[in-house]
Amino acid sequence: MNAEVRSIRTAAESALVEAFAAVGPSLPGGADVTERRAAALREIAERGLPTRRVEDWKYFDLRALMREARPLAAPISDAEIEAARALLPLAGFDAARIVFVNGQFCAALSDFDPLPEGASATWLADALGDDGAALLDRGEAPAGNAAVALNAAFVADGIVLRIAPGVAVARPIHVANVQTGAAHAAFGRVAVTAGEGASATIVESHVGSPEGHQTNTHVAVTLADRADVTLVKLQDEGLGTLHLATLTATLGAGAKLSSLALSAGSAAARQQVYLAFRGDRSTAEIRGAGFAGARRLLDTTLVVEHDALGCASREHFKTALDGEARSVFQGKIVVKPGAQKTDGKMMAQALLLSEGAEADAKPELEIFADDVVCGHGATVGALDDELLFYLKSRGIPQKEAEALMVQAFVGEVIETVEHEALRDALTARSERWLIARD
Amino acid sequence: MPAVQETVARVREIDVDQYKYGFVTDIESDRAEKGLSEDTVRFISAKKGEPEWMLEWRLDAYRRWRTMVEPDWARVDYPPIAYDELYYYSAPKSTPGPKTLDEVDPELLRTYEKLGIPLREQEVLAGVEQRRVAVDAVFDSVSVATTFKKELAAAGVIFCPISEAIREHPELVKKYLGSVVPTSDNFFATLNSAVFSDGSFVYVPKGVRCPMELSTYFRINERNTGQFERTLIIADEGSYVSYLEGCTAPMRDENQLHAAVVELVALDDAEIKYSTVQNWYPGDAEGKGGIYNFVTKRGDCRGRNSKISWTQVETGSAITWKYPSCILRGDNSRGEFYSIAISNGRQQVDSGTKMIHLGKNTTSKIISKGISAGRSQNTYRGLVSAHRKATNARNFTNCDSLLIGEQCGAHTVPYLEAKTSTAVFEHEATTSKISDDQKFYCQQRGLSEEEAVALIVNGFVKDVLQQLPMEFAVEAQKLISISLEGSVG
């Protein structure tokens, strides 16, 4: 029944092991980093990629979705840079822009020098030399998570951002990831440390050509006491891409984290969020909006751990699905013993626009303290016929009426973005999907 | 006398362990050798005088069970069970087939008396229209007395021990046994299929509304005896039956395994209402002793417009692992699940339901109220799924948890799987403690803290209590108050 059945290593698993054997020694970092990478890869080699039988991956069978492992991207060529330039998203949005093409820093497309006052950056390769293997820690993510392990094993490029204590960085910092050229695997890592009382807005975007790329990013944020960080993510990968993303966040006392992710692209995408409150009276707002058509798959897996007094968390996720698309929401609020006065609310809503669409939700509460107010809700359903009829009776055609309603549905989440140009760009992206519904 | 005072008085009557029903009845038992083997299965089957096909069915399950691994996904924690150290069959020694109650061992009758079980015909509520309850009492493993047989027979209803049904109605048993919970279903259900000792069998023929509520009281008595009931209820076209199951068990030191299987089949336009009050020994203050309750309950709404409703009040057992489910196969069928799960001391509850929507226009409703106190862990685990062809499936789920005390845990693990866009699922869950405002309000009106808590808790579970048949509801309400004693202040 639950017997551990270890099948023979799949093509993808073998390829990962071979790739690591080939490039492992040349990846940046000292001996401790190499050892950490090897340990991470061993997890994959020994256990294999997770399947439906692993509870955490029940609705996102990574072994089946990743039949083969793409080769690591070759050094980027000029042609690829030009192709990437055409794909760059959020063009009209004013920000310090740091661009990675195929997982490699691209100076030609970047525009961030100097970084806004109070912010400083170190390239991951250098930071691995200075800070060592700790940079590859899994943060608040659970042990043995395959996406996190793969990232730790292979990530070569990325950025470590530090926001000085007490500084409010007004200009957003935009980390853009572009995939272009032949199908490849690209890994990225962004580490953000916000000092005491610091505030900043970090925007992350993912776009790419339609080839079957495999991307894996890990964004690790650490908020010191009273820090205030806003994270906005646009996932608009090419429609052939397998996108694995992890956000880990550790919050000190009185801190505030606000995060929104819009998932518009990729063939299959999994956004993992692991957040922990380590200081009292902090708040976190984690939101997500997504749409998918065809046979695409969007997975959001989230664990919010309350391990301090009086913290509040709000999680709100909305997805609209067309064709035979499928959405997955696995969210869990954990209240540790002693985390009294916790206030947690989680909501997951899915809108099914076609007969073949599927929504799976698993909103969990795990509560070990009594003086708490926690709740979760989940809804799955189609558009309200009566509302549609109302709009049609006012002369609005079916498709447009549907679009209006879907826009209102996901708009509720997107509208929480305070930065106007960014909000408009995300709204425009959702409007575009409503026309194409791909 | 206000309910709470009455409760307090009752608790005082109970000894330190606060378990009213903890006593061992001294009756000689006729039991199988310790351990589980093909011989044990043959012994049980022979004891029951079963036909060859039944023995084969059991042996098949036994062989399958040997290849299975005990599930570990539930949020419960217990030392490994030594399945080969248990006794799998125990029957009270009594003259075979008592004809009247006078022939029943008086010791048995006294046991029931202590439990307050109405074995004889009785008026349930004075002054109210006479309502009657038929009792098929299961004492350990063998049904020892059955009342009301005649009246039920007049209506054509078959209500008898399942061992008797195997002999007398093989065609019905062959057709339905294992058709809802197959022998390969899960570890505990398969174990049950191999060694089930007895249980109830109900068949309500076409168009018959069962003239009374059917009731079975389960007791676990013999030391170290696993009890493996098997219940099968079939409601033929257009029929209705309400079935009550109530459980108590004597106090003991060693954990006792209980792995029952309940199968319900509702054909076209039929309705089955199944109510449970479970109050087995939960173990002492340190969590020692107490029943392991690993139950598989499933109802199959096989026919069009059929309906199955589960109502449960779970206050006992050291460990509860129980997910009464509905397979909504027939078009327009309906499934309901109402549950109150209360855990105190070191109890662990992992319970919930599955609503599997297969037919068109199927609806389901889940109301679950979990209350955890002391050092207990209380988990709701449920699944609502709609398959591609289940157009217009509709579900509403509400699970609320109430926490009393700092050291308990309340968890919610719902799964929602919608494979058709015409499905509408709504799920909501909340977890909170009793608000100080509410308590203050009650205390300000002159209630003690304990009374205030009891009042608020009763309000919290009211939605579910209302679903119970009246005589059960009264009993359940008292049980809830008793279960929470000592958790306040």
Side-chain angles (χ1 to χ4, degrees), chain A residues 1-4 55 58-59 321-324 326-330 332-385, chain B residues 67-73 75 184 186-187 190 372-373 377-381 383-388 391-395 397-436:
Chain A
M1 233 169 122
N2 315 328
E4 200 65 29
E55 180 62 24
K58 182 174 161 66
Y59 300 105
L321 302 165
D322 202 3
E324 288 175 61
R326 194 153 69 87
S327 81
V328 177
F329 175 81
Q330 304 188 94
K332 190 195 236 180
I333 297 179
V334 181
V335 179
K336 292 272 180 185
Q340 302 292 11
K341 306 282 180 200
T342 287
D343 178 0
K345 274 193 186 59
M346 180 160 68
M347 186 71 186
Q349 294 173 299
L351 198 53
L352 305 179
L353 301 173
S354 73
E355 188 63 30
E358 177 181 343
D360 300 318
K362 186 184 159 200
E364 281 181 75
L365 294 174
E366 190 176 305
I367 296 170
F368 294 97
D370 66 329
D371 193 2
V372 300
V373 180
C374 284
H376 67 220
T379 61
V380 179
L383 287 171
D384 188 328
D385 281 340
Chain B
T67 66
M68 291 169 102
V69 180
E70 202 174 327
D72 59 0
W73 43 260
R75 183 182 282 285
S184 57
N186 70 67
F187 183 82
T190 306
S372 32
Q377 299 295 330
N378 201 326
T379 305
Y380 168 83
R381 187 184 301 276
L383 165 74
V384 177
S385 77
H387 285 249
R388 290 233 179 272
T391 45
N392 300 322
R394 183 87 178 79
N395 166 266
T397 301
N398 175 323
C399 26
D400 296 327
S401 307
L402 200 60
L403 292 151
I404 302 175
E406 297 180 351
Q407 289 171 311
C408 54
H411 318 294
T412 319
V413 192
Y415 292 76
L416 284 86
E417 298 176 1
K419 292 192 169 71
T420 164
S421 66
T422 54
V424 178
F425 288 176
E426 288 170 277
H427 172 98
E428 57 182 48
T430 61
T431 303
S432 57
K433 69 167 194 170
I434 292 174
S435 98
D436 290 338

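Just so it is clear, the model here is predicted, and its values are computed rather than measured. Throughout, a chain's letter reflects where its sequence line sits, starting with A, and its residues are numbered from 1.
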**Student:** Contact part of B:Arg381 toward chain A, heavy-atom cut-off under 4.5 Å: side chain, backbone, both or neither?
**Tutor:**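 For B:Arg381, there is no contact with chain A at all, as no heavy atom is under 4.5 Å.
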**Student:** For B:Ser421, run the side-chain contact (heavy atoms from CB on, under 4.5 Å) check against A:Leu321, A:Leu351, A:Leu352 and tell me which one passes.
**Tutor:**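 With B:Ser421 as partner, side-chain contact (heavy atoms from CB on, under 4.5 Å) holds for just one option, A:Leu352.
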**Student:** If you tally heavy-atom pairs under 4.5 Å against chain B, which of A:Cys374, A:Ala357, A:Ala348 wins?
**Tutor:**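 Highest number of pairs under 4.5 Å: A:Cys374.
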**Student:** A side-chain contact here means heavy atoms from C-beta on lying under 4.5 Å apart; do B:Arg388 and A:Glu358 qualify?
**Tutor:**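 Yes, side chains in contact.
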**Student:** Contact part of A:Gln340 toward chain B, heavy-atom cut-off under 4.5 Å: side chain, backbone, both or neither?
**Tutor:**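 Answer is side chain: those atoms of A:Gln340 sit under 4.5 Å from chain B.
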**Student:** Within the supplied structure, the quantity of interest is the number of heavy atoms (other residues, nucleotides, ligands) at a distance under 6.0 Å from A:Glu55 CD; does it exceed 12?
**Tutor:**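 Correct, the count exceeds 12.
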**Student:** Work out which heavy atom in B:His411 is nearest to a heavy atom in A:Ile367; give both atom names and the distance.
**Tutor:**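 The pair with the smallest heavy-atom distance is ND1-N, 3.1 Å.
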**Student:** Does any part of the side chain of B:Leu416, heavy atoms only, come nearer than 4.5 Å to the side chain of A:Pro363, both counted from C-beta?
**Tutor:**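 They are in side-chain contact.
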**Student:** When heavy-atom pairs shorter than 4.5 Å are enumerated against chain A, which of B:Ala410, B:Cys408, B:Ala423 gives the highest number?
**Tutor:**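 Top option by heavy-atom pairs under 4.5 Å: B:Ala410.
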**Student:** With the side chain counted from C-beta on, respond yes when B:Thr420 and A:Glu355 share a heavy-atom pair under 4.5 Å apart, and no when they do not.
**Tutor:**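 Yes, side chains in contact.
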**Student:** For the NZ atom on A:Lys58, are there more than 12 heavy atoms of other groups (residues, nucleotides or ligands in this structure) within a distance under 6.0 Å?
**Tutor:**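 Enclosed.
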**Student:** Is B:Thr391 close to chain A through its backbone or its side chain, or both, or neither, when contacts mean heavy atoms under 4.5 Å?
**Tutor:**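 Only the side chain of B:Thr391 comes within 4.5 Å of chain A.
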**Student:** By a 4.5 Å heavy-atom criterion (distance strictly below it), what part of B:Gln377 contacts chain A: side chain, backbone, both, or neither?
**Tutor:**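 Side chain only.
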**Student:** Which answer fits B:Ala429, side chain, backbone, both or neither, if we ask what part of it has an atom under 4.5 Å from a heavy atom of chain A?
**Tutor:**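 It is both, since atoms from each part get that close.
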**Student:** Which one wins on heavy-atom pair count under 4.5 Å against chain A: B:Pro414, B:Gly409, B:Ser401, B:Ser385?
**Tutor:**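 Max contact count across the listed options: B:Pro414.
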**Student:** Taking B:Val424, B:Asn378, B:Thr412 one by one, which has the highest count of heavy-atom pairs under 4.5 Å against chain A?
**Tutor:**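 The candidate making the most pairs under 4.5 Å is B:Thr412.
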**Student:** Could you tell me whether the side chain of A:Lys362 reaches within less than 4.5 Å of the side chain of B:Val413, counting heavy atoms only?
**Tutor:**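 Yes, side chains in contact.
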**Student:** Specify the closest pair of heavy atoms between A:Asp370 and B:Lys433, including all atoms of both residues, with the distance to one decimal.
**Tutor:**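 For A:Asp370 versus B:Lys433, the nearest heavy atoms are O-CB, 3.1 Å.
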**Student:** Among A:Gly381, A:Ala359, A:Gly375, which has the most heavy-atom pairs under 4.5 Å with chain B?
**Tutor:**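 Greatest number of close heavy-atom pairs with chain B: A:Ala359.
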**Student:** Would the number of heavy atoms belonging to other residues, nucleotides or ligands and lying under 6.0 Å from NZ of A:Lys336 be above 12?
**Tutor:**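 No, because the 6.0 Å sphere around NZ of A:Lys336 holds 12 heavy atoms or fewer from other groups.
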**Student:** Considering only heavy atoms, which portion of A:Tyr59 lies under 4.5 Å from any heavy atom of chain B: side chain, backbone, both, or neither?
**Tutor:**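 The answer is the side chain of A:Tyr59.
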**Student:** Find the one option among A:Ala382, A:Ala361, A:Gly377, A:Ala369 whose heavy-atom pairs under 4.5 Å with chain B are most numerous.
**Tutor:**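 Result: the option with the highest number of such pairs is A:Ala361.
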